[in-house]
Amino acid sequence: MKKIEAIVRVEKLDEIREALKEIGYPGMTITRVEGHGQQKGLIEQFRGREFKVELIPKIKIEVVASDVDADKIIKAITESAYTGNIGDGKIFVLPVEKAIRIRTGEMGDAAL
Amino acid sequence: MKKIEAIVRVEKLDEIREALKEIGYPGMTITRVEGHGQQKGLIEQFRGREFKVELIPKIKIEVVASDVDADKIIKAITESAYTGNIGDGKIFVLPVEKAIRIRTGEMGDAAL
Amino acid sequence: MKKIEAIVRVEKLDEIREALKEIGYPGMTITRVEGHGQQKGLIEQFRGREFKVELIPKIKIEVVASDVDADKIIKAITESAYTGNIGDGKIFVLPVEKAIRIRTGEMGDAAL
Amino acid sequence: MRVVKIRRGTSAIYALVLLSMILALVPCAMAGDPTGARTLKENPEAPVNYIWILVCGFLVMFMQAGFAMVETGFCRAKNATNLMAKNLMDLVIGSLCFMAVGFAIMMGADMAGLIGTTGWFLYGEYDVSRYLTFFWQLVFCATAASIVSGAVAERLKIPAYLICSAVVSLLIYPIFGHWVWGGGWLSTLPFGMGHLDFAGSGVVHTVGGMVGLAGTIVLGPRFGKFVNGKPRAIPGHSITLAALGVFILWFGWLGFNCGSTFSADQLRIAVIAVNTTLSAAAGAFASLMVIFLKTRKWDVGIALNGVLAGLVAITAPCAWVEAWAAVVIGLVAGVLVVASVYFLESRGVDDPVGAVSVHGTNGLWGLISVGLFADGTYGYYTTGGAHAIGLLYGGGAGQLIAQVIGACTVVLWAFGLGYLLFKAMDAAFGIRVSPEEELQGLDISEHGTPAYPDFYIKNGGGG
Amino acid sequence: MRVVKIRRGTSAIYALVLLSMILALVPCAMAGDPTGARTLKENPEAPVNYIWILVCGFLVMFMQAGFAMVETGFCRAKNATNLMAKNLMDLVIGSLCFMAVGFAIMMGADMAGLIGTTGWFLYGEYDVSRYLTFFWQLVFCATAASIVSGAVAERLKIPAYLICSAVVSLLIYPIFGHWVWGGGWLSTLPFGMGHLDFAGSGVVHTVGGMVGLAGTIVLGPRFGKFVNGKPRAIPGHSITLAALGVFILWFGWLGFNCGSTFSADQLRIAVIAVNTTLSAAAGAFASLMVIFLKTRKWDVGIALNGVLAGLVAITAPCAWVEAWAAVVIGLVAGVLVVASVYFLESRGVDDPVGAVSVHGTNGLWGLISVGLFADGTYGYYTTGGAHAIGLLYGGGAGQLIAQVIGACTVVLWAFGLGYLLFKAMDAAFGIRVSPEEELQGLDISEHGTPAYPDFYIKNGGGG
Amino acid sequence: MRVVKIRRGTSAIYALVLLSMILALVPCAMAGDPTGARTLKENPEAPVNYIWILVCGFLVMFMQAGFAMVETGFCRAKNATNLMAKNLMDLVIGSLCFMAVGFAIMMGADMAGLIGTTGWFLYGEYDVSRYLTFFWQLVFCATAASIVSGAVAERLKIPAYLICSAVVSLLIYPIFGHWVWGGGWLSTLPFGMGHLDFAGSGVVHTVGGMVGLAGTIVLGPRFGKFVNGKPRAIPGHSITLAALGVFILWFGWLGFNCGSTFSADQLRIAVIAVNTTLSAAAGAFASLMVIFLKTRKWDVGIALNGVLAGLVAITAPCAWVEAWAAVVIGLVAGVLVVASVYFLESRGVDDPVGAVSVHGTNGLWGLISVGLFADGTYGYYTTGGAHAIGLLYGGGAGQLIAQVIGACTVVLWAFGLGYLLFKAMDAAFGIRVSPEEELQGLDISEHGTPAYPDFYIKNGGGG
Ligand SMILES: Nc1ncnc2c1ncn2[C@@H]1O[C@H](COP(=O)(O)OP(=O)(O)O)[C@@H](O)[C@H]1O
Ligand SMILES: Nc1ncnc2c1ncn2[C@@H]1O[C@H](COP(=O)(O)OP(=O)(O)O)[C@@H](O)[C@H]1O
Ligand SMILES: Nc1ncnc2c1ncn2[C@@H]1O[C@H](COP(=O)(O)OP(=O)(O)O)[C@@H](O)[C@H]1O
């Protein structure tokens, strides 16, 4: 199994979920995070003074999937998260050794 | 070492912590997340109109443990997080290569 | 590639970012988390009654880096996050199999 | 809310408004009573009236805080700064524009029952009673302007909003206000006692609601409001602040309605206070129950709208009806506001905070209700003279007709001008922010200032 | 707070309340003065009194916003919508029920010193002074009802709360109010000047606090409040809103106490304003210092409770004491509120916002303090007649006895009826939400509406 | 804001303040009118004045809520509890200290034009009019004390703040107040009508602002405010609460300015209400536009500061100028506040909420503007006597000179004493929290109570 971690634009979340729905709507967990990469910040202002916010709000989407499903999911996310501008985000894939569904005790791919 | 990631019900956090305390209260990190799996949403309403919230607040508990302790911890979480209803959540186990305690520089199991 | 997960003090974030800037300012993602380890809590009070908050706010910093960069980054974080008091936090290192930059489709080290 | 109109000796009719403005500036400041000493001598009871009107006026001014809180509470966190800006700036722009032009149009010397023509920039008499009238009218004008922001929330550009506030304060509100309260044609209709609107269900609330309706129609719905044509709820970010806003409005409204006697001698103020409170309560009760029967949930958001619906509806009749009628008016208002929200959404109209249903729809109901429930015990802002009497108290249909005429007029006037205004602005420079900005929230793109930078916000704010 | 009681010509004693209600509806509306013209003629000074009472009444109404903010600020985010619903609905239900029945019971023609019996549904005289009295009594009644919500917060079902609000407004408050302010038996006790409660430490605050105490006892503590029998703190979700609420309450309380002269002619209002402010300040100071000495932290939550304790305590004596006594009364109140909070928790009682300690305990202290500190310079809502004088000013124990009798009565009455009410409801349909709903928070289960959907909430809200 | 000074028969001059305090306590309570019956008989119009002053005083008290909301909104979430504590405690400490000593110094029998010397602890006459005066002065004093908290926010220790509040209420404010309003030397300057400050631009706002400036200078900037000497923005945690606070302040300010006639007979109150509103609006407009031209963003934070700048500036001249002048005064204030914020930051001064620029700088501008714009239609809190007339109305430079002298005096006095005070405290026990506590936020270290425990906070709060 793989854990797919995608860090994407906040505004893209709904679109990505739609894309994932089309390929079977896998279970997923999302987290509000902040980050920076190439995109080095955002100018805000407060009471007349501008300043740079270096950490920009992003969404982290985590999907644990079987090895076979992983590529499909990565593709769906990559396409739906794309705008072409700096800040589109990244996808990381990590190995997962075990998965358990608490409700049933099912393990492995059956638990996803 | 393993990283145990459990995604559980918000209301169950205290109970799970109690269960973990009993087996030695390992260090842990928790994160507020949202997710969906089998549980496809929650009906809320606003100013007279109902709507479905597809992403339900959950708690992610992360415990990095030595290979020997991992199973004990998984068992404690599985049992204490259980209600039997859809939405109980999942546990994923990932391999961890290194652990360092910043304060002392200790590494490996000693750092946990 | 490695994923470096550092759980550090909230107040140390700026200092750590400065330290990382000096070694090339890698992309990073941060998450607000709560945790406990050796540090077992904080005394707060409300309307005349004291109580212990067992889970203390912390920051999780995630940096995915090439195998070669990883050690440099770990060192930078370890040094800048250090105070010597209980609660300084931990660093975990996990293997990463794949990395993709959504904007360009670049993969592997090039995507970081 | 009517005021003692200050008619000057002149009866000249100016051919052009512009001309009149210039001419009005020619004569030196006319003899007034800037210290108030003469006024006091002539009327030793004046202080009671002054402090009553001022205190009630302060309360009306404070309603701005209520509007700001309700609107922001019912919208998303990513637009909270934007709503603060709009609610602040309509008061600011409104004050300055109303001083410059609006007040002259509304309360200046009447021309043909259509428009007032004197007193630009408060020029003319320097007189305490004139300042008093101006203060009262000013806070009312600001209320009308403020209503619009809720309907156009979360997508209208700031410059378009500022222009809209200016036009409402310069023209739309003062001209209609002149017709009803400034001695204009609606007040002299040959039915009943002429069109009656005690504290402004029509003049203030329907005007604001209709301009808002025009705005929301021209803008179109927010991104995500309709999915495949079906309306979705977009929950607001703070029920707490919304409720606080409603409590503030209820509080301020007591000043709004009771102060509209424009005189403390009218002991009828006690009846007005009771009616205002009972109608608000009845409105909340009805809204809450209607939705409870539908969804089995106690929907506090709709109950808050119900309070406001009851308050808007009782605003026109508050001085002319009995307590039981106030309860009935409020109950109807509470049902109406729910029906109106559903109806507008079914027609694809997206009014984020329910401003059109609260102020527009129930403003009209308030006007009509005068024609039904006026009980014949109170007159035209005075205990003397003819007393208003409605259909149910055997007054015949006369008053009702006058009310319906006024109601139709306000819809045509305010919606019409509002629509033209928004369409014109849209053609000129585009009134809606870009889709990216809307998704991100207006706070960052228009103001550079997220409202809650220390908190994690689930919607928008990102890059 | 007493009001000029409107006694009608009738002295008949009705055998049954129900019968009386029906009978009262038979005669046509009696001759009153609906326009206020006659009242004005008879008393040209009436406008000053009217605007004073109305403005103070508006302030009292605004206290609802204060209660809402304090209670929500001191409770968790997952129940914030629920607290808004409760604080809104007690005003709504209270207004409608008090109009229908409560007012008649409280201020109608007295029957045997026990109960008023005329004026159901405001039926009867259509008169400005009656409406004025009604408005004033209405906002007071709503205050009493509102206090309960804090004590039963975070676990009481909405329907149980609505019924409780109704019963308080229909019976518990009006009957006790009748005894003290409506010419009932407590006001005519043969000790001192009879039981005295200037603005309602007992009638409003202790009544509310005691019903709340009954509610919290029947409900039992919130999940997690006691761990192995030891009380735990459950911090509220917004100190900011709690503080805002306290400032609003302090502001409104000035109207509450000063307006209770029910007449602007009583220049004693200046003394009342000073006393109210000083007692509030002293209460905050005492609470803050007591806790500082204990924990070495500046506990603003307890200081906020201290303000309210000082305000509640000074409510009964505010017109009868000097400034120094107000400071002493406030200091004692500030200590008492802390002691009461600790005491109740030691007995296993969970009062989430401290409502019982603030309103119940200190309401009693306020009543007692009249018997101690009344300085013999002011009478029964008038400068004439006998002047209230307490133990410390050489007035003997008479007044103190009257105060103690009233204090015991209010505890028995309000706690007793409240307890019966909650027990009965609990037997009938269960007044407490399920443990799952409590853990998740009442906002979602009872209302379907989380208060802050755009923010991450640490407690509850999940599924 | 001036008050009828209560001069006692005594003209003795006490050598020492301490001695005077003791002596003042020797004579028994002098004959006053504690019931108000005699006052009413002598002046049947008194009730109107009493209720006017009380209601306006209530509004001034409510400004505390406004200050609390603005300051917390403009600071970070990790210090929100701390700001609530400070804003509450300055009112608490201020009330108690002003009662004990401040009032006697400010309004007691004058000694050499420098200081009042009678009435410690409100001892002396027990009289309704004295209580009335005390109430009014008390809420003004609390306002001055409250201003300081914004300037020293996010780093000052609580004990230092409490002492500062006490010293402001005991000495700094009352003595300067005595000079201007208590019959002291500034009020009798031989230029114009002496130094004029209608409602306290100088006495209240500049005093508060200058003490705040001293505090922020002694404290030094917050950690992170200047990076390599360049100022950084540290955004506040709630634009919503900041805006609410400004609306509350605007509302309260109407009472602050209008009530300062200390009499309802002065119908000039209508002019004051208009001027107050227009200046606030103009201030917001100017600030908003200045920043818009600079950054192309609609900066609502600065517009909120602009409102307050306009309000502070109009406070001194509000009764002496025409509407157009109020607009000009407000426009200048709006520009000035921006310039002042930039200037102070360029000098390394860190004033988290802009309190010095709003209250200090614009307080001075308000004083000056009396000398420029006073229009010769109103006198010294009365319609009779000499009328104030400024440079632009042909009154010559006399009034302007008096204003400049007063302005210089307030700067020297308040900044000087403030600086000494903070320096002395710093030497004695260190007034600034430790760097760790500052990073973590003062809420946890000083109070043990995070303001928003249910939410995730981005800054501080950790361990
Ligand atoms: N090396 C990395 N490790 C962890 N997170 C990263 C890394 N690089 C980027 N990110 C995350 O991805 C987000 C987008 O990165 P960015 O470089 O701005 O996007 P892009 O390269 O597509 O323009 C960042 O805000 C950060 O949260
Ligand atoms: N494949 C997955 N990858 C990541 N997170 C998941 C996945 N499946 C479920 N989750 C997380 O687990 C939570 C509970 O899942 P759900 O299927 O509702 O529980 P259950 O199967 O026990 O009824 C979800 O809300 C989501 O956060
Ligand atoms: N075994 C673990 N697994 C996951 N997170 C941990 C673990 N141990 C500690 N942490 C995280 O690290 C933080 C700091 O740990 P702590 O033991 O207090 O620090 P230190 O050991 O440096 O004094 C904790 O709050 C928690 O978030």
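So you know, we letter chains A, B, ... as the sequences are listed, proteins then strands, and number each from 1.
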Can you say whether [X] sits under 4.5 Å from chain E via the side chain, the backbone, both, or neither, judging by heavy atoms?
| X | answer |
| --- | --- |
| F:Ile93 | side chain |
| F:Thr81 | both |
| F:Ala68 | side chain |
| F:Met84 | both |

Counting only heavy atoms closer than 4.5 Å, note whether [X] contacts chain F via side chain, backbone, both or neither.
| X | answer |
| --- | --- |
| E:Tyr452 | side chain |
| E:Ile291 | neither |
| E:Leu304 | both |
| E:Val327 | side chain |
| E:Tyr456 | both |
| E:Asn49 | neither |

I'd like to verify something: which residue of [options] has the highest number of heavy-atom pairs under 4.5 Å with chain E?
| options | answer |
| --- | --- |
| F:Leu122, F:Ile158, F:Leu59, F:Leu138 | F:Ile158 |
| F:Pro34, F:Gly73, F:Ala85 | F:Pro34 |
| F:Thr35, F:Leu241, F:Leu244, F:Asn87 | F:Thr35 |
| F:Ala65, F:Gly36, F:Ser445 | F:Ala65 |
| F:Ile248, F:Leu132, F:Ile53, F:Leu91 | F:Leu91 |

Between [X] and [Y], what is the shortest heavy-atom contact and its length?
| X | Y | value |
| --- | --- | --- |
| E:Asp265 | F:Pro47 | OD1-CG, 3.5 Å |
| E:Pro235 | F:Pro453 | CB-CG, 4.0 Å |
| E:His237 | F:Phe455 | CD2-CE1, 3.7 Å |
| E:Ile239 | F:Thr449 | CD1-CG2, 3.8 Å |
| E:Lys297 | F:Ile444 | NZ-O, 3.6 Å |
| E:Phe247 | F:Met61 | O-CE, 4.0 Å |

Are more than 12 heavy atoms from other residues, nucleotides or ligands located less than 6.0 Å from atom CZ of F:Arg432?
-> yes
Can you check whether F:Val128's main-chain N or O pairs, donor with acceptor, with E:Arg268's side chain at less than 3.5 Å?
-> no
Can you check whether E:Ala323's main-chain N or O pairs, donor with acceptor, with F:Tyr131's side chain at less than 3.5 Å?
-> yes
Option in [options] with maximal non-hydrogen atom pairs under 4.5 Å from chain F:
| options | value |
| --- | --- |
| E:Val246, E:Asn275, E:Val300 | E:Val300 |
| E:Val307, E:Thr277, E:Asp299 | E:Thr277 |
| E:Thr295, E:Asp375, E:Thr377, E:Leu288 | E:Thr377 |
| E:Phe251, E:Trp250, E:Phe292 | E:Phe251 |

Show your working on side-chain contact (heavy atoms from CB on, under 4.5 Å) between F:Tyr126 and E:Val271 and close with a plain yes or no.
-> CA-CA 9 Å; F:Tyr126 184 12; E:Val271 176; 4.3 Å; yes
Test F:Ile51 against E:Val55 for side-chain contact (heavy atoms from CB on, under 4.5 Å), laying out the working first.
-> CA-CA 10 Å; F:Ile51 70 174; E:Val55 170; over 6 Å; no
Output for pair (F:Leu54 CG, E:Leu267 CG), nearest 0.5 Å, gives 9.5 Å
Heavy-atom distance under 4.5 Å between the side chains of F:Leu162 and E:Phe285, does that happen here?
-> no
What is the ring orientation for F:Phe58 with E:Trp52, classed by angle as parallel under 30°, tilted 30 to 60°, or perpendicular over 60°?
->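 Rings of F:Phe58 and E:Trp52: tilted, as their planes differ by 30° to 60°.
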